[in-house]
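For reference, the structure is listed below as structure tokens.
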Amino acid sequence: MAKGNISVDSENLFPIIKKWLYSDKDIFLRELVSNACDAITKFKTVALSGEAEGSDAYRVTVTVDKDAKKLIISDNGIGMTAEEIDKYINQIAFSGASEFLAKYKDENDDSAQIIGHFGLGFYSAFMVADSVEIDSLSYQSGAKAAKWICDGSMEFDMSEGERTERGTTITLNVAEDSKEFLEEFKIREILRKYCAFLPVEIYLENANEPEKEEKDESEKPEPKPINDTNPLWMKKPSECTDEEYKEFYRNVFMDFNEPLFWIHLNVDYPFNLKGILYFPKINHEFAGIEGQIKLYNNQVFVADNVKEVIPEFLMLLKGVIDCPDLPLNVSRSFLQNDGYVKKISNHITRKVADKLVSLYNTDKENYEKYWEDINIFVKYGCIRDEKFYEKVKSAVIYKDLDGKYMTLEEYTGGKEKAEVYYVSDKKQQSQYINMFKEQGLNAVELPSMMDTHFISFLEMKNPDIKFKRIDSALADTAEEADADDENNKKLVEMFKDEINDDKLKIEVSKLKNKEIPAVILLSEESRRMQEMYKSYGQQFAGMADMFHDEFTLVVNSENSLVQKLDTLDEETRKLVIDHVYDLAKISHSPLDADQMSRFIARSNKLLEKLY
């Protein structure tokens, strides 16, 4: 048995770091600007300790010089000596963050978070640059400016620098294959994406833009930072107004529809988590795919819709989450999957559930107005997360046939065992609805495909509660006709002979509404399976036909037209039977193109017989 140390060839490692460390090429600018902000944060901390005199004007400046093919990032932060450049730059993956935080832990608080931790971000500059220069002057008294130049190989040049003010300037000599990063609009776009909320003011300048002559020095426009250093989520909820929440929503998500409501997260223990989650107005059932949760780490944008942190069912929301404690990997593009992340995810879910229940209990009128937009999200969340269901189940509401909202308990009257009647399409099922109302019965509206899954979920959680769509429930309320009655037998034979479908069941019943000649019924179980297969797409669409033989045509023996069928001539009787069958089908679901064509042609024939 032998033991030893694994060796790393730095000449092979450096090209890997330069080219494949980050998932997106434009992240280099995020890393360099973040490092500049860290340099300023470090200096502020040093100033608090009394080791240096502070300043009122801290800034990071990004300068585009297309003519010279240079991109320059400059800060007035802590600066570096030649020895520090050798320590932190020449040693790959040696970060000074941990060392600095340990030294100044008493001065460093939550308002002065160091962004970088791995010591690799600087090398992302070589993804777009042929060579990189560092010119830095340390805050330390008597320090000399130091200059470092590297062309991306393992060799570098170190000499005395040119800076006369505290801070660091990094100059990228942009490579030919990365010329897009010399366009001002491209750099502005990247800064807005990744650095829009960094805690230090960031300014973008164009070195090739001619200076405009001003008549008066006072008329020159004041330069504005490209970022908001104190974003809304960093404030306490009590300090924010409704208009500020709405304005932030419009600016960040470019959505000019007002959000329904929002949740402001502000947690210090057991982890540091801040953010705002908005419930947007949803225009259709699957609008949830348009949701966007932006993940930040110390106000630095990391990614959109990170599923490890944001549960899938919350993805239809829009918002920002900032969690400095998230265990990011070295590129800060992806999360390490561990139990800590799961705890954060659970906390966010719990906060959303608490907000929904609070709204229901304290602002029921507005909650009912929101329900049409948020019910898909709530139901999907219940199905996907049992803990979420347990917290919000008392706030799940249903609209009845009169437009009144009620809970499941209110509908059932608190009975442990009950049947819940529902409609999935008020227009399509209007005939059944009228029959229901005539019998003094009530039903709830469950119109979406999500409801098919949701009611199955509810029945699983509550085995004594059964959901039935009103067309399948009509068989429960109709008075069964005497199957041995000769007239009824004759009716069944007439319909069977004309319709000529062995799979279709035909029965005779006494429906409460005498004006309806016949209805189509489908068992609740078969209908749900049929809709489920249809929802899975084209590959399963054919399987829905398996349930064709579950349909039952119920002929109403109380209807006057049905009672007169045997008095009609054969041609007219056949037309009427086919028409009664199609009318029953129309009340159940739309006719296809061929069926509708035959229905119209038959209607014309029947009208002709009136003359």
Can you name the residues that form a side-chain contact (heavy atoms from CB on, under 4.5 Å) with [X], not counting sequence neighbours?
| X | result |
| --- | --- |
| D592 | D594, Q595 |
| K461 | E386, Y389, E390, F457 |
| E239 | K235, K236 |
| N375 | W371, K379 |

Quiz prompt | Qualifying salt bridge (charged side-chain N to carboxylate O under 4.0 Å, His left out) pairs, either residue in residues 598-607, two or more places apart | solution =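 Passing the test, one end in residues 598-607: D582-R602.
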
Self-check item: salt bridge (charged side-chain N to carboxylate O under 4.0 Å, His left out) contacts touching residues 347-363 (sequence neighbours left out)
Solution: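 Listed once each, the pairs are D354-K391.
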
Minimum-distance pair of heavy atoms, taken over all atoms of [X] and [Y]:
| X | Y | answer |
| --- | --- | --- |
| V508 | V492 | CG2-CG2, 3.7 Å |
| L575 | K609 | CD1-CE, 3.7 Å |
| N442 | F436 | O-CE2, 3.9 Å |

For [X], side-chain hydrogen bond (donor to acceptor under 3.5 Å, both in side chains) partners two or more places apart:
| X | result |
| --- | --- |
| Y367 | none |
| E416 | none |
| E258 | K246 |

Quiz item: Just wondering, do I348 and I321 contact through their side chains at under 4.5 Å, heavy atoms?
Solution: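 Result yes, sub-4.5 Å side-chain heavy-atom pair found.
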
Exercise. Can you sort out the partners of E189 under salt bridge (Lys or Arg N to Asp or Glu O under 4.0 Å), two or more places apart, ordered by chain and number?
Key: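 Listed in chain order: K186.
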
Quiz item: Which residues satisfy the ring-ring contact (aromatic ring centres under 6.0 Å, His included) test with Y194, sequence neighbours excluded?
Solution: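 Once residues adjacent in sequence are excluded, the partners of Y194 under the ring-ring contact (aromatic ring centres under 6.0 Å, His included) criterion are F301.
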
Self-check item: Any residue meeting ring-ring contact (aromatic ring centres under 6.0 Å, His included) with F197, in chain and number order, not counting sequence neighbours
Solution: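 Once residues adjacent in sequence are excluded, the partners of F197 under the ring-ring contact (aromatic ring centres under 6.0 Å, His included) criterion are W233, F248, Y296.
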
Distance, nearest 0.5 Å, that separates [atom1] of [X] from [atom2] of [Y]:
| X | Y | atom1 | atom2 | value |
| --- | --- | --- | --- | --- |
| N434 | I516 | CG | CD1 | 7.5 Å |
| N227 | Q299 | CG | CD | 9.0 Å |
| I465 | E409 | CD1 | CD | 10.0 Å |

Quiz item: Under 6.0 Å from the CD atom of E459, do we count more than 12 heavy atoms belonging to anything else shown?
Solution: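 Result for CD/E459: enclosed.
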
Quiz item: Quick check: are there more than 12 heavy atoms from other residues, nucleotides or ligands sitting under 6.0 Å from CE of M460?
Solution: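 Yes, the 6.0 Å shell around CE holds more than 12 heavy atoms from other groups.
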
